[in-house]
Amino acid sequence: MTLAKEQPSALNFECETGNYHTFCPISCVAWLYQKIEDSFFLVIGTKTCGYFLQNAMGVMIFAEPRYAMAELEEGDISAKLNDYEELKRLCLQIKRDRNPSVIVWIGTCTTEIIKMDLEGLGPRLEAEIGIPIVTARANGLDYAFTQGEDTVLAAMAHKCPTVAPKQEAEKKERNAVSSLLNFGRKKEEVTQEESEYKDHTPLVLFGSLPDPVVTNLTLELKKQGVKVSGWLPSKRFTELPVIEQGYYTAGVNPFLSRTATTLMRRRKTKLIGAPFPIGPDGTRAWIEKICSVLEIEPQGLEEREAKIWASLEDYIKLIRSKSVFFMGDNLLEISLARFLIRCGMSCHEIGIPYMDKRYQKAELDLLEKTCNEMGVAIPTIVEKPDNYNQIQRIYDLKPDLVITGMAHANPLEARGINTKWSVEFTFAQIHGFTNARDILELATRPLRRNNNLKELGWDKLVQEEANV
Amino acid sequence: MTLAKEQPSALNFECETGNYHTFCPISCVAWLYQKIEDSFFLVIGTKTCGYFLQNAMGVMIFAEPRYAMAELEEGDISAKLNDYEELKRLCLQIKRDRNPSVIVWIGTCTTEIIKMDLEGLGPRLEAEIGIPIVTARANGLDYAFTQGEDTVLAAMAHKCPTVAPKQEAEKKERNAVSSLLNFGRKKEEVTQEESEYKDHTPLVLFGSLPDPVVTNLTLELKKQGVKVSGWLPSKRFTELPVIEQGYYTAGVNPFLSRTATTLMRRRKTKLIGAPFPIGPDGTRAWIEKICSVLEIEPQGLEEREAKIWASLEDYIKLIRSKSVFFMGDNLLEISLARFLIRCGMSCHEIGIPYMDKRYQKAELDLLEKTCNEMGVAIPTIVEKPDNYNQIQRIYDLKPDLVITGMAHANPLEARGINTKWSVEFTFAQIHGFTNARDILELATRPLRRNNNLKELGWDKLVQEEANV
Amino acid sequence: MKLAYWMYAGPAHIGTLRIASSFKNVHAIMHAPLGDDYFNVMRSMLERERDFTPVTASIVDRNVLARGSQEKVIDNITRKDKEENPDLIVLTPTCTSSILQEDLENFVTRASMDTKGDVLLADVNHYRYNELQAADRTLHQTVKFYLDKAKKKDELPTDKTEIPSVNIIGISTLGFHNQHDCTELKRLMAELGIAVNEVIPDGASVHNLKNLPRAWFNLVPYRELGMMTAEYLKSEFDMPYVDITPMGVVETARCIRKIQQVINAQGAEVDYEKYINNQTLYVSQAAWFSRSIDCQNLTGKKAVVFGDNTHAVAMTKILAREMGIHVVLAGTYCKYDSDWFREQVSEYCDEVLISEDNAEIGDAIARHEPSAIFGTQMERHVGKRLDIPCGVIAAPIHIQNFPIGYKPFMGYEGTNQIADLVYNSFTLGMEDHLLEIFGGHDTKEVITKGISAGSDLSWDKEATGELGKIPGFVRGKVKRNTEKFARERGFAVITLEVMYAAKESVGA
Amino acid sequence: MKLAYWMYAGPAHIGTLRIASSFKNVHAIMHAPLGDDYFNVMRSMLERERDFTPVTASIVDRNVLARGSQEKVIDNITRKDKEENPDLIVLTPTCTSSILQEDLENFVTRASMDTKGDVLLADVNHYRYNELQAADRTLHQTVKFYLDKAKKKDELPTDKTEIPSVNIIGISTLGFHNQHDCTELKRLMAELGIAVNEVIPDGASVHNLKNLPRAWFNLVPYRELGMMTAEYLKSEFDMPYVDITPMGVVETARCIRKIQQVINAQGAEVDYEKYINNQTLYVSQAAWFSRSIDCQNLTGKKAVVFGDNTHAVAMTKILAREMGIHVVLAGTYCKYDSDWFREQVSEYCDEVLISEDNAEIGDAIARHEPSAIFGTQMERHVGKRLDIPCGVIAAPIHIQNFPIGYKPFMGYEGTNQIADLVYNSFTLGMEDHLLEIFGGHDTKEVITKGISAGSDLSWDKEATGELGKIPGFVRGKVKRNTEKFARERGFAVITLEVMYAAKESVGA
C-alpha cells in the first residue's frame, strides 16, 4: 500500500450496519470465571450458546470449568415450565456441587426473546438460596463480543459495598490488590508505606485484567503517589471494592461504557475520561489524566515513555511505513490503531462493532492528535462494518496487515494478505508500559513470518479451479 | 497335538550344543540395579554390549539409569591404555556423580578375551577410592541370560558380613526384610513377635526377587515358624545379610548353582536342596523341604495348596490336555514345565541353555514324579538346543504353545503357532502360592487371544510368495 | 432446563450448515443474532479452510426485532444471489431466531422471485433435533428438492452407468476424518472396479444430484449422516444401499461382500474373496498386528469405548473381536438411535451406556478403571485426570481430528491407522507407568543439573509470588533473564520493581 | 574407555546385518558369543517381521575359544547353505570376536568351496566404524562383489532402460521410517514418469545387482547409507547420482529439479515445474500450513534439533525456512561427517553441536529452554524431564518408528506428516500449559469423586507400604478389590495377610 500523503482532517465516522462477524458477548464468561476465582457463571441459553463456548472459544480443553449452561429446552421456550423453579433447581445443584460465592446469570438472545425476567427472578432466588446472584444481559441483540464484560461489570457494580466496613478496616486489608502487594510484609512496613501515597479522593479502577497487569498498573500509579483503592472486578467476589459517592473511577478498556455510566449515575462516582493505558503513549496519557484530576504532578513520565519507545525499536522498524486495516471485532480497535499509528503505521479504515463517542472521547482525540503528529491520513471509523464490503476494500487497498476476527484470517492469508487475529489482543497482556512489547510481538508476527515465506513463492494458495 | 499315552520313563537328557538364541548374561543388570537401590553397575565391554542393553532389553526408556557402559575403545583392546587407570577414572566419575554404596563391575566376553584382570584390579581400586567393588564375569562365553545374576550373587556372597555386628544387634535391625516387615511397629510388638518363630539354625535365602515377592515368601515361612535371617541380594548393598558358617541357605531360582556352590564351599553354609517355589506344587515342596531340614512340622500346607489349585481352575481349563514346548531361554524351564504338567499339560521337549543336574536335582525329581502322577510322557531335556532343529520339530509336533525367546515369537505366530515369550516369566512375579495365577495369566494369554482370532481365519500370515 | 457442562452433538443449525457449505457453490444465510455465526470460525480454524465459508449471517438485532426481519432476510438473500451467483441459497434460523415463529417459508418464496439461484428453507425443528439429525434431514431435503425438480422438468436420467457404480453418501465438512475416509473409500472402490458416480454432499454440485439414480447402489459409511437420503433413494428409485461401516478388517470385508452381493444381483459377476484375503493377510498390517506378540500383550486388557454410533460400534467390534481386548463398557451419545447401538455392540461388551451427560460417562470410567479409553475429546480429558490413556475416535471435532497427514479410519489403511491408535494408546500409557515403577531408581538429578546452576540472587516474596503467576512454560525463561538483568546491575534482591525493569530492558 | 549411558549409533555388525538381512535370500552368519545375536530380536520385535531373521549366530564359547573357531564357522556356513539355499552368505564377527584376529577371509575361502551360494566376509573395522558407516561399507562391498563378478563373467548389461529410470539406494531394514519413505519415493517417481530400476538393499536379489548400471541415475535419499555405493557407481559406470534428501517442500522441489537436470542431460525432455507448483500449493498441505494462522502462531518459537545428518539437516531447514521457527541449536551425532552437517545447517541456526555424548545434548537443551525439541528417543526423554515437548525425527529406532499406518518423512506426503509432527509437538505441549495456566481455576474434585467413595476401612502401615510398591496403574484396582474382600469378610483393618488372602481369593 503506497501512501499518498494527505492533509490530516477530522475523524470520519460511518455506520454500515452490515453483516459482520464477531464473537457472541457471552464469550466474556471465558475470562471472567477465571478472573473471579470464587464465582460461577451460568449461561441461560440454547445449545447454540453452549456449543459456541465449548468449540469456537477453544475452551474445549477444560473438562469442567466453573461455568455451565442452563440449556433451555422445548418446555422452557413454550413457557410450560416455571422459570423460577427451573433456575432454582439448577442453582441449588451448583451450590451443592461447587458452593461459589456468587452465581452470575448470563442472559442471552433467547432469554431476551422469550422475555424471561431474570432481573426479577434473581433477587428472589438469591434470598431463598443464600448465594448472591448477579444478572447480566450479555446478549447478541444488543451487544458485541467484549461488551459482554461490560454488562457483567455494570451489574456487579451494584454489589460493591457502599461504605467500608468500619470494624474490620484496620484489622484486615479488605482490598485484594493491596493485600496482594503487601503479601508477606510486616504490618509496620505496610503502615509506613502508606506515607508514600499522596492524599487524594479514593480512586477505583474498572475492567477485568490478568493479575500481573493489575499489579503492574497499580504500581505505575503508586509511583506517582496515587493509591488505587480497588478494582472492579476483584479476584474474589467477596473482595469487591468499596465505592462511596464521590469516589473517582477510571476504566482501563474502551468497551466499558455501560459500566462507566452505571458508576456515574447509580453510584454517583466521578469518571476520569482518559485514553486507555494501551501502548506507552496511551499509558502515559492515562496516568497523566488521572494525576491531573487528582491534582498530582506526575514525575518522570516523559522519560519513561521515551525509554519504552527506544526499547521497541527492533519491532517498530518492521512496521514503520506499513499499513494496517481493522475489520472490527473487540472494540480495542481505536486504541490499537492509535498505538500502531504512533509506531509509524498508516491506517485507512478502523472497523469497530460499536462506537461510544463519549466514553471513548479522550481516545478519539488522541487518535486524531497522533495522526496529525505522525503526518498520516486520519482513518475512517466504520461502525458495524459489512464484512463482505470490507473484503472488497481490502482487495483494493492491499494493506500490509489486516487485524480481523477468526473467521476471515485463513482465507485472507490464502490470498496473500497478512492477518492477525484481533481476539489475541483480547487475551494477551497488552496494558501498561512494559506490555507494549507484547502488542508488537503479536502485530509483527505475521510480517516476520511471511517475509520469510515470501521468498519461497507461496504467496497465494488458492486456485481459480477447485483443488485436486 | 494328539497325545499318544506313553508309559512314563526316566528323564532323557540331550545336549545339542547348537546355535541357539538367548539374551546375553549382562541382562541381569536390568533387574539387579533396580533391586539393589544403592548400587551402580558398570558393564565393561564394547558398543555391542551397550547397544544390547539399550535397545534389545527395552531399557531404552530410561534416560539415565544407575548403570553405564565402560565402553572399550581401540586403545583398550590393543592394551595401549592402562586398565587400572582407565577404570579408576570412570569409577571416580561415578563416585562424583552418583556416589553409590557399591560399584558392580560386569565383565564381558571382551574382557575375557583380552584377559583383563578384573578380579585383581577390583580390590586395589576399592582400597584406593573407598567404594566397595564387586566383580562378576557375566560373559556369554561361559554363561547364558539369567546366569548373569548367578555370577553377581556368587561374587556378592563374598561381601556378606561373617558375624553380626554385636554392638548394634539389639539397637537396630540390620536385616532389610525384617525391618521392612516391622516397619512402623513398636519395639515391644517386634520382640513379642519373635516368639512366633521356632528356634532354628539361621536361614538365608538367595535369588533376586521383587520386594513384594520377598515379603510374600518370607511371610509364608513365618507362618511355619521359620525365620528368614536375610536375603542375598538385599534391597541395599549396605544391608547384605550376615552369613556365618553353618547357616542354612536355600535358593529360589534354578539358575543360581554357582551362588549355591560359593555359599557352600566358601562360606561353609549348608544348602537346602529343594524344588523351586514356583507354582503351588513347587512352593509347597520348597517350604516342606526347608521345614524338614529345620526340623519343623509344617502346618496346613496341603489344604493351602489345594485351595490355590481350586482357585486356578478357570485358567487351568484352558490348557488342560494341551501341549507345551520349551525352546530354552532363561533356565526357568524345568520348574515351569513341572508346574504346567501339573496343570494338565503335556510337554515333549524342554530346551534349556544349561542344566546343572545336581543343583536342580530336587526339581528334576519332582518333574519326573509329576509326569508319572499326571500320566504324561516324560519330556526330553535338551541342553543348548539347536534352534533351527527345534523349529523343524515344532513344525512336526504342532504343540499348542511354544515358550520361546524374543527372536522367534513373531515368526512362529505368523505361522499359526501360539507362543509366549520366556523372558516375561523372568520379569513377572511368579514365585509363591499367590503368584501362581500370574504364571497362568501369562501362559494362557496366547491361547485366550488366538482362540478368539481363530474364527476370523487369520491363522497363517505368511505367503510362499513375497508379500506385496 | 438442563445443567450442561459439555455437549457431544452441536445444535441443529450446525448440521444444516455442514451440509450447505459442503456442496460446491451453495451459500447459506443464517438468520440469527450477532455471534451465532461461529460456524464460520470452526470451519476456518479447524479445517484450515482456504476459502471464505459460504455462510452469511443476516443479523437479528434490537432494531430488526422491532421492525420484523422479513425485509432484511430477503435483502440478504437477493444480495448474496447477486454477489456470488450461488446455485442454491439455504436459509436457516438458529435456536434463537426459530422462536420468533416467523413465516420463513414465505420469506423464501418471496426472495426466490428475485434470485437466479434456488432458495430453500432448511426444515428442521431446532429444539427436537441435534446437529447430526439436522444434517441428515437437510441432506435428504436437498437431494429430494433437486430430484423432484428434475422429475418435474423431466430431466431425470433413467439409465444406470455402464460399469458398477456407487454414490458415497455422507461425506461432509467438519466431519470426523471425513476427507481421509473419502479418499480411502474412493481407492477401495477403484480397486474393486467400481466407479464412483457421486460423492455427496462434499464437493458436489447440486446440479449433479439428478444423476444420483444412475449409480448401481449407495454406500452410507456413517450411521449418522446419509441414512435418510439412502432410504429415500431406495423407496423412490429402488436403489439398494450398503450401510455397513467399512472400519476394521472384519467389517470392511463384510461391507465388501455386501457390495458384491448387491452388484451381482444387478448383473455383475464379481468375486472379491481373493482381494479380501490378500488385503487382510498381506497388504493391511492390521490382521498381522492382531496376531503379533505386541497385540498378544494387550489380550484381556480392559477398555471403555464411547462416541457416536458409527465409531463407537466399530471400535467396540475391532477391540473385542480383532484384538481380544475386553470392552467393559461401550457407549454412545446418539440417544435417538440407541436401539441400533445396543443391537450392534451388546455381544461384544459387558455393559452399554447411552447418555449425553459427560459426568455419567466420567463416573463410569472411574468405576471401571480401564487400561485405555477410546472416546471423544471429553473422555480424553477424563482420562488425563484419572491417568488413563485415551485414543480419540469420534466427534465433537477438534483441530487434532484434521491432521494434515493421511489418517483415514476406514478401509484397509484405516485398519492400519486404528492398530497404531490402539497400540499407542496402551503403550504410551505403559511407558509412563514403567517410568513410575522404576521411578525411584531412575536418578533425575544429574540431567536437570543444567537448568538451575545455583542462584546467587534472592527473590523477595512479592516477586516470588508474581513469578508464580507466570505460566510454567515461560517461567524458567523469565526467571533466568530477570536474574541476568539483576546480576548485571548489581541487585542482590529481586523485587517486583526489578522484575518489571528487567522486562522492559531485556524483554524478560 | 568411555563412560557411556546411551548410544546414538549401534556397533558395526548391526550395520552389516541390516544390509545382509535386507536383501532377499541372503543369510548372515555372525561369528560371536552367546547373546550377541540380539539383532534378530530387534528385527522381530521392532519391525514386527513375520519371517525368521536370516541371521545365525555361530556361537563362540569357552570350548570354541580353546579349539579355534575355524571348524565351527565353516560348518555353520556350509550347513546354512544346504538348509536354506541362500544366494549369498555374509560372515561377520562382532566387536568381541574381531579381537581374536582370526583369518576369517580364509574361513570364507574354505567354506565357499563347499557351498552352492556365494560367501562374503564383511570387511569392517569394528572399533573404527559404527553401525551407519558399516552399513554403507557393506552395501558398497556387496554391490562391488556382484558387479565385479558379472564383469568377470561378461554378464554386465551395457544398455540403459528405455524410459528414464532410477535406482533408489539406501532403503534398509531397521531404518527410520524407511519402508514408508520408499513407498512414497516410488509414488513420486511414478508421478514423474521415471521407472524404478532397482531398490537396494531392501527386498533386492543379489542376482539383480548387475542390472544397476541400466538406470539413468541413482537416488540416495539418506546421507548415511548409500553414498559409497553411489560414488562407486559414478566412478566405475559414470552413473550420476542425486543426493538431495527430498524432505520438506523446498528440498523435495530441489531434489526433483536436480533429477530433471540429470535426466534431461541424458536426452529426456521433462519439465517438472508445473508438477512441483501444483504439489506445493494445492496437493501437499504443508505449504498452506506454513502460511496458515496455526503456523503463524509458531513464528519465532525456539526449537532444538538433534539427530542423524539426514534428518537433523532436513528438519532444521524445514523449521527455519518453511515455518519461521527459530532453531537455536542444530546437532548431529554423525561426528564422522560433521563438516557436511555444518555446511548444510549453519545458515539456519544459531549454534551447531556435534556430539555423541547425550549428557552434552541434554545440558544444551536445558540451557536453551526451547519450546520444542526435534530429536531422537533420547531427546524425547530429556524433554520429558524438562517438560518440553519433543517430536522424534531420527534413529536410534524404537518400535514407535515402525508405525503400521502410513507415515513417510519424504516426498509430499512426508511434508504433510512433518507438518503434523511440528504442529502437535508444539500444541500438545501448549495444551498442558494452558491447563496449567488455568489449572487453579479448573476444579478437579467433581469428576474424581467417582474414584474413591470414602473408605470405611483402614490399612495398617505394612499393608500401606506394600500397596505403595504396587505399580500405580494397578494400585487403584488392588486397593478396591482388597477392600471389597475385607468388607465382605468383616475385616476392619487391612494387614499384609488380608492383602495376600484377597489376592488369592479374588485375584486382587
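Quick note on labels: first sequence line is chain A, next is B, and so on, each numbered from 1.
Among residue pairs with one or both ends in residues 73-84 of chain A, those qualifying as salt bridge (Lys or Arg N to Asp or Glu O under 4.0 Å) are A:E74-C:R128; sequence neighbours excluded.
Taking each heavy atom of C:M1 and A:L81 in turn, the nearest pair found is N-CD1, 4.4 Å. Closest approach of A:T48 and C:C95 over heavy atoms only: OG1-SG, 3.0 Å. In terms of heavy atoms, C:N130 sits closest to A:K47 at CB-CE, 4.0 Å. Taking each heavy atom of A:L141 and C:P33 in turn, the nearest pair found is CD2-CB, 4.1 Å.
Using a distance-only test at 3.5 Å, with no hydrogens or angles considered, no donor-acceptor pair links the side chain of C:R50 to the main chain of A:E413. Between the side chain of A:Q54 and the main chain of C:M7, a donor-acceptor pair closer than 3.5 Å is present. The closest donor-acceptor contact from the side chain of C:Y127 to the backbone of A:G75 lies at 3.5 Å or more, if one exists at all. Remark: side-chain polar atoms of A:E71 are not paired, donor with acceptor, to backbone N or O of C:A4 under 3.5 angstrom.
Classification of C:R62 and A:E112 as a salt-bridged pair holds, one side-chain N sitting under 4.0 Å from a carboxylate O.
Here the side chains of C:K80 and A:N19 are not in contact, with every heavy-atom distance at 4.5 Å or above. Looking only at side-chain heavy atoms (C-beta outward), A:H21 and C:T56 stay at 4.5 Å or farther from each other.
Residue C:H13 touches chain A through its side chain alone, counting heavy-atom pairs closer than 4.5 Å. Both the backbone and the side chain of C:I59 come within contact range of chain A, with heavy atoms under 4.5 Å apart. The contact between A:Y20 and chain C is made by backbone and side chain atoms together, counting heavy-atom distances below 4.5 Å. If you measure heavy-atom distances from C:A9 to chain A, the contacts under 4.5 Å come from the backbone alone. When heavy atoms are compared at a cutoff of 4.5 Å, A:D142 approaches chain C solely by way of its side chain, counted from C-beta outward. For C:I14, the part lying under 4.5 angstrom from a heavy atom of chain A is the side chain only. Only the side chain of C:E131 comes within less than 4.5 Å of a heavy atom in chain A; its backbone stays farther off. Residue A:I113 touches chain C through its side chain alone, counting heavy-atom pairs closer than 4.5 Å.
Taking the six-membered ring for Trp and thresholds of 30 and 60 degrees, C:Y5 and A:F40 have ring planes more than 60 degrees apart, a perpendicular arrangement.
Atom CZ in A:F23 sits 12.5 Å away from atom CG in C:D36 (nearest 0.5 Å).
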